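For reference, the structure discussed in these notes is given below.
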Protein chains: 2
Amino acid sequence: MSQDDAGVDLGTSLGYLLKETSSVLRAAMEAVLRPLGMTVTHYSCLELLAQRPGLSNSELARGTFVTRQSMNVLLQALERDGYVTRPAEAPVGKALPTRLTPRGRRSLAKASAAVRSVEVRMLSGLTEAEQSAARTTLRSMIRSLREPEEEG
Amino acid sequence: MSQDDAGVDLGTSLGYLLKETSSVLRAAMEAVLRPLGMTVTHYSCLELLAQRPGLSNSELARGTFVTRQSMNVLLQALERDGYVTRPAEAPVGKALPTRLTPRGRRSLAKASAAVRSVEVRMLSGLTEAEQSAARTTLRSMIRSLREPEEEG
DNA sequence: TGACTCATGTCAGCATTCTGACATAGCCTT
DNA sequence: AAGGCTATGTCAGAATGCTGACATGAGTCA
């Protein structure tokens, strides 16, 4: 009675469904990472560094969707515990390239396998075509949300 | 070199893409709700109450993906500011049915229109069929993640 | 009837993240 | 060469959400 007026029907809203999926996925990841003593942001940071070594604090923050201040706190802890290393001085500019240590790599290996199992479970009922379509759809949503009015 | 070993390729991972989409959507919602003096959880609570009046604290918490403790804090603020009302005593059990006040309804109307515009923008590049397929896919993911092993 | 289990509301303390602010390094324009 | 602009790293304080804990009410089962 109000969906066409001003309300947002939560039962069919893709935004709501997106939030729900993200919430359930996060809970599932936390469940498998907890036994390894790792949080989701913790893991995301290591995974990002494995694939793109030398990322700076700010770049890691953008890649894990937190502020650079939060990432800074995390990186200091990871460095203190020997999972990553950063040079004392920046080779260029102010950005400090971060790299995994052997210990960080070992820790990531276990976490990555656990997270992969969660993703496999999440996709278990979907065909390759459906997964590919989902990727295209999500990328379209991101693109539309990032552009205020026009689209190029 | 490691995607098939233990790594999760963030460039194609649906989980990562899901998190990114959710993050961008949340930022867009915050941007339009901030001028109205409302947070996303604040809005979600009111929207939920508009569609399903009489929800309890715990039910609202589940519907907005926060703990019942967090929702309790929010509800106390909303009640104090006159957006919702709760009976002093529970009609049955301990659950207190919450309802929007006229003021809450007015406040929601503006917020709902703003959020709807964000969702419209998000879906602007998608056909109805693509949106429907996305809903089906997301629901499948949620279902798979919630069931430990079997699926019925 | 009484014990057990479960869900709820609520309080207190803790953890994590964010906002605000500042100094510095590189780039671009003049 | 100098000024302005942007990005970065970092510190401090505030806000938000979560975990732990407790008491209460309802349903279940012996």
Side-chain angles (χ1 to χ4, degrees), chain A residues 19-20 22-24 26-31 33-35 37-46 48-49 52 54-81 84-99, chain B residues 19 22-24 26-31 33-35 37-45 48-49 52 54-81 84-99:
Chain A
K19 186 173 178 179
E20 181 173 6
S22 185
S23 172
V24 175
R26 184 178 188 89
M29 288 178 65
E30 284 174 348
L33 289 175
R34 191 184 324 264
M38 224 183 268
T39 68
V40 174
T41 308
H42 185 138
Y43 155 75
S44 301
C45 178
L46 296 185
L48 217 45
L49 280 173
R52 301 170 62 187
L55 285 186
S56 71
N57 177 26
S58 290
E59 290 168 327
L60 286 168
R62 281 192 290 269
T64 56
F65 314 109
V66 298
T67 63
R68 66 187 198 275
Q69 290 92 331
S70 296
M71 180 51 64
N72 189 36
V73 173
L74 174 60
L75 275 185
Q76 286 177 351
L78 290 179
E79 195 172 14
R80 167 176 51 79
D81 296 342
V84 305
T85 53
R86 281 190 295 180
E89 294 203 354
V92 57
K94 289 192 69 177
L96 297 173
T98 312
R99 292 182 179 279
Chain B
K19 186 173 178 179
S22 186
S23 171
V24 174
R26 185 178 187 90
M29 288 177 66
E30 284 173 348
L33 288 175
R34 191 185 322 266
M38 223 183 266
T39 68
V40 174
T41 308
H42 185 138
Y43 155 75
S44 301
C45 178
L48 218 44
L49 280 174
R52 301 169 62 187
L55 285 187
S56 71
N57 177 26
S58 290
E59 290 168 327
L60 286 168
R62 282 191 290 268
T64 56
F65 315 109
V66 297
T67 63
R68 66 186 197 276
Q69 291 91 329
S70 296
M71 180 51 64
N72 189 36
V73 173
L74 174 60
L75 275 184
Q76 287 177 349
L78 290 178
E79 194 171 14
R80 168 176 51 78
D81 296 343
V84 305
T85 54
R86 283 190 294 180
E89 296 203 353
V92 57
K94 289 193 69 179
L96 298 172
T98 311
R99 292 183 178 277

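Quick note: numbers below take in every heavy atom, side chains included, and nothing from hydrogens, waters or symmetry partners. A quick note: this is a predicted structure, and the numbers were derived from the prediction, not measured. Chain identifiers are assigned alphabetically (A, B, ...) following the order of the sequence lines, protein sequences preceding nucleic acid strands; residue numbering begins at 1 within each chain.
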Atom NE2 of B/His42 and atom P of D/dT16 are separated, to the nearest Å, by 11 Å
Shortest non-hydrogen pair, A/Pro97 vs A/Pro87, comes out as O-CD, 3.1 Å
Rounding to 0.5 Å, atoms OG1 (A/Thr39) and CZ (A/Arg34) come to a distance of 10.5 Å
Exercise answer: donor-acceptor pairs, residues 60-76 of chain A side-chain atoms, under 3.5 Å, sequence neighbours excluded:
unit_1	atom_1	unit_2	atom_2	d
A/Thr64	OG1	A/Leu60	O	2.9
A/Thr64	OG1	A/Ala61	O	3.4
A/Thr67	OG1	A/Ser70	N	3.2
A/Thr67	OG1	A/Ser70	OG	3.1

- Message: Need one value for B/Ser70: base, sugar-phosphate or nothing, where a base atom within 4.0 Å counts as base even if backbone is also close, heavy atoms only.
- Response: base
When rounded to whole Å, the CG to P distance for the pair A/Leu75 and C/dT16 reads 15 Å
- Kindly indicate whether the side chain of B/Gln69 and the base of D/dG20 share any N or O donor-acceptor pair separated by less than 3.5 Å? yes
Of B/Arg86 and A/Thr39, the one whose closest nucleotide on DNA chain C sits nearer the 5' end is B/Arg86
From CZ of A/Arg26 across to C1' of C/dT17 the rounded distance in Å is 11 Å
Between OH of A/Tyr43 and C1' of C/dT16 the distance, given in whole Å, is 21 Å
Comparing B/Lys94 with B/Arg34, nearest DNA chain C nucleotide closer to 5' gives the residue B/Lys94
Rounded to whole Å, the CD-P distance (A/Glu89 to C/dA25) equals 10 Å
Closest to the side chain of A/Thr67, out of D/dC18, C/dT19, C/dT10, is C/dT19
Rounded to whole Å, the CE-C1' distance (A/Met71 to D/dT8) equals 15 Å
Taken to the nearest whole Å, CZ/B/Phe65 to C1'/D/dC18 is 17 Å
Counting only side-chain nitrogens and oxygens, does B/Arg68 get under 4.0 Å of the OP1 or OP2 atom of D/dA21?
no
Closest of C/dT10, D/dT8, D/dC11 to the A/Asn72 side chain is D/dC11
Nearest heavy-atom approach of B/Ala90 to B/Gly93 is CB-O, 3.3 Å
In terms of heavy-atom contacts, A/Lys19 and B/Ser44 come closest through NZ-OG, 3.9 Å
Here the distance between atom C1' of C/dG9 and atom CG of B/Leu74, to the nearest Å, is 15 Å
Checking C/dT24, C/dT17, D/dG17 against the side chain of A/Thr41 (C-beta onward), the nearest is C/dT17
Inset, instruction - Quick one: label A/Glu30 by what it contacts on the DNA or RNA (base, sugar-phosphate, nothing), any heavy atom closer than 4.0 Å. - result: nothing
